[in-house]
Number of protein chains: 2
Amino acid sequence: MAARLSATALPLDRRLVDEALTLLREEGLESLSLRRIARRAGVSHGAPQRHFDGLAGLLSQVAAHGFGLLSRAVEEGAGRLPPGSDPVARLAAAGRAYVEIAVANPALFALMFRPEDLDMQTPDLARESQAAFEALVRHVRAAQDAGWQAGRDTRLLAGCVWAAVHGLAVLWAQGALSGPVPHASLDDAVATTLELAFGCRHGGSHV
Amino acid sequence: MAARLSATALPLDRRLVDEALTLLREEGLESLSLRRIARRAGVSHGAPQRHFDGLAGLLSQVAAHGFGLLSRAVEEGAGRLPPGSDPVARLAAAGRAYVEIAVANPALFALMFRPEDLDMQTPDLARESQAAFEALVRHVRAAQDAGWQAGRDTRLLAGCVWAAVHGLAVLWAQGALSGPVPHASLDDAVATTLELAFGCRHGGSHV
DNA sequence: TTTTCGGGTTGACAATGTCTACGAATTGGT
DNA sequence: ACCAATTCGTAGACATTGTCAACCCGAAAA
């Protein structure tokens, strides 16, 4: 029988995650339901249970995918500066990329940080989210080796850098800053946050 | 008829918000439903509709209450240092109080920053959340007047300070840092974040 | 006294997540 | 080649949820 129509060539679990991602993109978090995803994938509402441990299992897989995207975007952001350049500037570029991908995918990003809706024990999710943090730790360590905030606990410092960038991403992605700071552009906000956190001007505009 | 039992003396809308708050505290965000709140308040499931515009209306009132608590906690935190002291230190103390109250009320805090579940047009909610930000702006302006980050747009700077503190509050409240940074205390994390954002040691331990 | 109306009850409805029993098709063993 | 077993999707039931409309009662107003 070889290949059927291209739309149904993928295994169902992959298709379900894909449909969840597009549904997330098109209609947002609140209209994401197990039955809707199944309907869009053309299967009955009971089918997903065969592949995931309930809704939380499916959403966890979607979130894992999101952490993979996040990791790649951050690495790609840092990689825009050559490997030999100022590690603090590379760290700032990584932070900028973090905010940008979060703002570009607000619903997925919101899901990724909703532990009530996820099962954090899911292997893929645990692995991807940990990998994302460990990549950040490496960048922070490189910056410390170059003298920035030397002597501080590296993992704690990485957690705090993460927090600063994450806070901006969350608030901007949900529009919480557009009211109180109406005239500011995302670029202004990112630049200011990075300068606050890293002590001096870094990172420039994107691209 | 004067006063009935003290438990039923309050008007129903107040009682519903109170029950929602305790339910939020005792069982978390996911088990918060209109019908459960009504059951706990001893009324039928249709009663809340008479007082609030659906579930979003009730939750918005709860969130408004949360922003009131937040504002008071932050002001109280800054007020621990005498009005004449270093405005940057006062700003740091306010940030510390922000994180502490968020971590002490994780479910309420999560609800407050879930615009999908709220109606941000609700007058009380809009007023309280704006008031909280404006208080922060005043602290930032005082710090700028003392020379810290002088010349920067005050509201944008306030937004970025908020983001840094908020990110730590969010991540810590949902336990996202306990895995990656297992040995750190909340006090360490707050101190590091504040020192990162404000450039030098400030704030000390609470109380 | 009669009317009006704020507030609470009741029942219905659609939608959701989960569970179970069922069926069909593919696979593996002999 | 045949039978058994396992995989994978279906179909239905169930409890729960948010919302809506009709009803109802008691107090204030006319």
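The sequence lines fix the lettering, A, B, ..., with proteins before strands; numbering per chain opens at 1. When reading the values below, keep in mind they use all heavy atoms of this one structure, side chains included, and skip hydrogens, waters and symmetry mates.
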Go through the steps to decide whether B:Arg127 and B:Phe67 satisfy the test side chain to side chain contact (heavy atoms under 4.5 Å, CB included), and finish with yes or no.
CA-CA 9 Å; B:Arg127 178 172 38 76; B:Phe67 275 103; over 6 Å; no
Using the side-chain contact (heavy atoms from CB on, under 4.5 Å) definition, which of the options A:Leu91, A:Thr154, A:Leu157, A:Leu136 pairs with A:Arg141?
A:Thr154
Whole angstroms only, please: what is the [atom1]-[atom2] distance between [X] and [N]?
X: A:Leu34; N: D:dA11; atom1: CG; atom2: P; answer: 17 Å
X: B:Asp13; N: C:dG7; atom1: CG; atom2: C1'; answer: 12 Å
X: A:Asp117; N: C:dT18; atom1: CG; atom2: P; answer: 11 Å

Less than 4.0 angstrom from a charged side-chain N to a carboxylate O is my criterion; do B:Glu76 and B:Arg80 meet it?
yes
Nearest heavy-atom approach of B:Arg40 to B:Glu26 is NH1-OE1, 3.1 Å
Give me the residues of residues 25-33 of chain A where at least one heavy atom lies under 4.0 Å from an atom of DNA chain D, by number, or none.
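Residues of residues 25-33 of chain A under 4.0 Å from DNA chain D: none.
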Below 4.0 angstrom, which residues in residues 42-61 of chain A have at least one non-hydrogen atom near DNA chain D?
A:Val43, A:Ser44, A:His45, A:Gly46, A:Ala47, A:Arg50, A:His51
Students often mix this up, so state it plainly: with edges at 30° and 60°, are the rings of B:Tyr98 and B:Phe109 parallel, tilted or perpendicular?
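Perpendicular: the ring planes of B:Tyr98 and B:Phe109 meet at over 60°.
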Short question: side chain of B:Ser60, backbone of B:Asp119 - any donor-acceptor pair under 3.5 Å?
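Between the backbone of B:Asp119 and the side chain of B:Ser60 there is a qualifying donor-acceptor contact (under 3.5 Å).
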Do A:Thr193 side-chain atoms and A:Val190 backbone N/O form a donor-acceptor pair below 3.5 Å?
no
Please determine whether any donor N or O and acceptor N or O are separated by less than 3.5 Å between the side chain of B:Arg35 and the base of D:dT19.
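By the distance-only test, yes, there is a pair.
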May I ask you to verify if any side-chain N or O of B:Arg39 is less than 4.0 angstrom from the OP1 or OP2 atom of D:dT17?
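Result: yes.
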Any non-hydrogen side-chain atom of B:Leu186 less than 4.5 Å from a side-chain atom of B:Trp172?
yes
